[in-house]
Number of protein chains: 2
Amino acid sequence: MRHNNKINCIDCENTNCFIKKHCLDNIEQSVRIHENKFVNRYTKNQLIFMEGNFVDSINFIQSGRVKVFKKGAFGKDQIIRLISDGEIFGHRGLSDAEKFSISATSITDTMICSFDKPFFFKLLKSTPELTFNLMLYFANELNHGENKLRDLAIFNVREKVAKALITIIAAYGLNKENEINHAHELSRQDIAELVGLNSNQVTKILADLKEDNILETDNKKIKIINLKKLKEIVNI
Amino acid sequence: MRHNNKINCIDCENTNCFIKKHCLDNIEQSVRIHENKFVNRYTKNQLIFMEGNFVDSINFIQSGRVKVFKKGAFGKDQIIRLISDGEIFGHRGLSDAEKFSISATSITDTMICSFDKPFFFKLLKSTPELTFNLMLYFANELNHGENKLRDLAIFNVREKVAKALITIIAAYGLNKENEINHAHELSRQDIAELVGLNSNQVTKILADLKEDNILETDNKKIKIINLKKLKEIVNI
DNA sequence: GAATTGGTATGATATAAATCATCAATAATC
DNA sequence: GATTATTGATGATTTATATCATACCAATTC
C-alpha cells in the first residue's frame, strides 16, 4: 500500500461512483474532495482493512476487485460481498460502530479512493443528494442481503454452489469464452465461503455439475456451458 | 384492518419514532405529516402486507409487535426481523423495487402509521436530517444482517436455536419471571423460521437445553434459567 | 528436472440433520 | 364438557452433510 498520483474525480472514468455522480456540482466542493481524498494502490490479495480495525475511512473502488468478508469461528470465514469499480465499502462503519465488522482484501490489482470519516460526514451533511442516494442504495442492499439470508437458510449444498457461481457471475461477469474467474483469482475455498460450505463440497458439486453438462472445469477455470440450467437450480 | 382516530405525532408517546425525532421542527410540516398519515389497527396474526404487493407505503409501528418474513420454496418461510414500537418497516420498498420483497404480519394487537411512497419521498427531500438518520439506521441494519448471515452459514442446529432465542429476547425482552415475552405468540415454527430450521428440530433442542438447565419449557412458555450459558452457546 | 508447495479431485467414513410416525397436551368449537 | 383441530414431544429411520485420507496436478523453487 502506497500513496499514488491522485486522479481528480472530474477526470475519473468511473461513472458508477457516488462521488462522481452526486458531489461535483460546485467547484469549491470538488476542490475540497480532491484535497481530502486518499488514493491507494493494492496488488492482488492484499489486506485493505481488517475486522476490528478502528473505522477511519469510507472507501470507493476506483478500479479493480475487492472481497468483503467476516471472520467466523474455526477459521470459517464468510464472504459478504464481491465488488468492483465504483462500489462503496466500509460504509457499515458510518453507523455508530467504532470498529470495522468486516475485513476487505483485493482480489485483483486495485485502486481505492478513501475519505476519512469526519470529512465524509461533512460531505454528507452538505450534499443531501448524496445522502439520499446512499440511503436508497442501502435500502437496496438490505433487500439483497435478505434474499441471501433466505437462500442460505433453505438451499442444499448443490443449490448453494449454484448460487455462489451466479453471485460471482453477477459481480464480475463472464468473459468471451463464457468463463468465470477469468484471472483465476477465486479458489474453491472462496466459492465455499460465499455460501457457508467447505472447499471439498464445492469441488464435489462442481464435478456433479460437469457431469450434468452445466459447466466444465479445468483446474481453477470454470466455463459455463448452460447458464439457464444453472439458474434453474436456484429457481431464477 | 380499519381506519382509526389518528393520534397526532406531537402527542404520540413513542419517542423512538423517526418521524417524532426528526420531522416535527416546523409547524407547517407537522400539519402535512398529520394529514398524510394513515393509521391502521391490526389484531393478532393479521397480514399487514404481502410479498409481491405493490409498494404503496412506508410503515412505522406506533405500538405492538410485527414479524417481517420472506416466503421460500416448499412453504419454508424465513423470518427477517422481529420489530416493535417506533420501528420502520417496508423501507426496502424505498429502493427502485416496485413490489414488496417481504411480507409482514402482526404478532400482537398493533397500530401501524403509514405514509404513501410519494409523500414520504417529499418528506425525505425536505428533511435532510431524516434522510441522514435513516441512512445511518440502514448502515446499522446492514451490519446486523451480515452478522446474521455469517451465523446462519456457520452455526449448527443447537447454536441456531440459541441464536433464535437470543434474537427474540433482544427484540421483545424477558418478563419479570425471566420468561420470553409473548412466547405464547411465537410457535416452535416461528422460532425455526428465524434460523432456517423446522419446528421438530426446535422442539428437540429445547428439550436438550432444558436438560442442561439453561431453560424450562411449559408448552409455549419458555423461561430462561441461565442466560449467560445460552449466550455462550453462540459465543456472545 | 527433482522437490516443494498450494490447490484440486475423489472415495470412504463418521456425524449431523431432516423426515416420518406416533402420541400427548393444549386450545378452540360446538 | 365432549369433540375436533392444532401444536408440541419423542424415538426410529432415512438422507444429507462434513470430515478424513489419499492421490493428483500444476506452478514455483532450488
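Per chain, numbering begins at 1; letters A, B, ... match sequence-line order. Atom set for the values below is all heavy atoms of this structure, side chains included, hydrogens, waters and symmetry mates excluded.
A/Thr217 comes within 4.0 angstrom of the backbone, heavy atoms only, and of no base.
Which of D/dT10, D/dT19, D/dG8 sits closest to the side chain of B/Arg188 comes down to D/dG8. Side chain of A/Val157, nearest nucleotide from C/dG7, C/dA17, D/dT17: D/dT17. Ranking C/dT10, D/dT19, C/dG7 by closeness to the A/Thr203 side chain, first place goes to C/dT10.
With hydrogens and angles ignored, the 3.5 Å screen pairs no side-chain donor or acceptor of A/Asp190 with any backbone N or O of A/Ile79.
In this structure, the separation between OG1 on B/Thr105 and CG on B/Asn45 is 6.5 Å, given to the nearest 0.5 Å.
Remark: P of D/dT10 and NZ of B/Lys210 are 7 Å apart, rounded to the nearest angstrom. Between A/Leu209 atom CG and C/dT10 atom P the separation is 13 Å, expressed in whole Å. With rounding to whole Å, A/Leu197 atom CG is found 15 Å from D/dA16 atom P. Going from atom CG of B/Leu206 over to atom P of D/dT10 covers 10 Å, rounded to whole Å. The nearest whole Å value for the distance from the NZ atom in B/Lys160 to the P atom in C/dA16 is 14 Å. Atom-to-atom, CD1 of A/Ile205 to P of C/dT10 comes out at 13 Å; the value is rounded to the nearest Å. C/dA21 atom P lies 15 Å from atom CG of B/Asn198, rounded to whole Å. Taking atom CG on A/Leu215 and atom C1' on C/dT8, their separation rounds to 15 Å, with Å as the unit.
Both the sub-6.0 Å distance and the 45° axial angle are satisfied by A/Arg65 relative to the ring of A/Tyr172.
With a 6.0 Å radius and a threshold of 12 heavy atoms from other residues, nucleotides or ligands, B/Glu51 has its CD atom above the threshold.
In terms of phosphate contacts, B/Asn200 brings no side-chain nitrogen or oxygen within less than 4.0 Å of OP1 or OP2 of D/dA9. Look at A/Asn156 and you won't find any side-chain N or O under 4.0 angstrom from OP1 or OP2 of D/dT17.
The only option from B/Ile166, B/Leu209, B/Leu174 that meets the side chain to side chain contact (heavy atoms under 4.5 Å, CB included) definition with B/Ile224 turns out to be B/Leu174.
A donor-acceptor contact under 3.5 angstrom links the side-chain atoms of B/Lys204 to the base of C/dT19.
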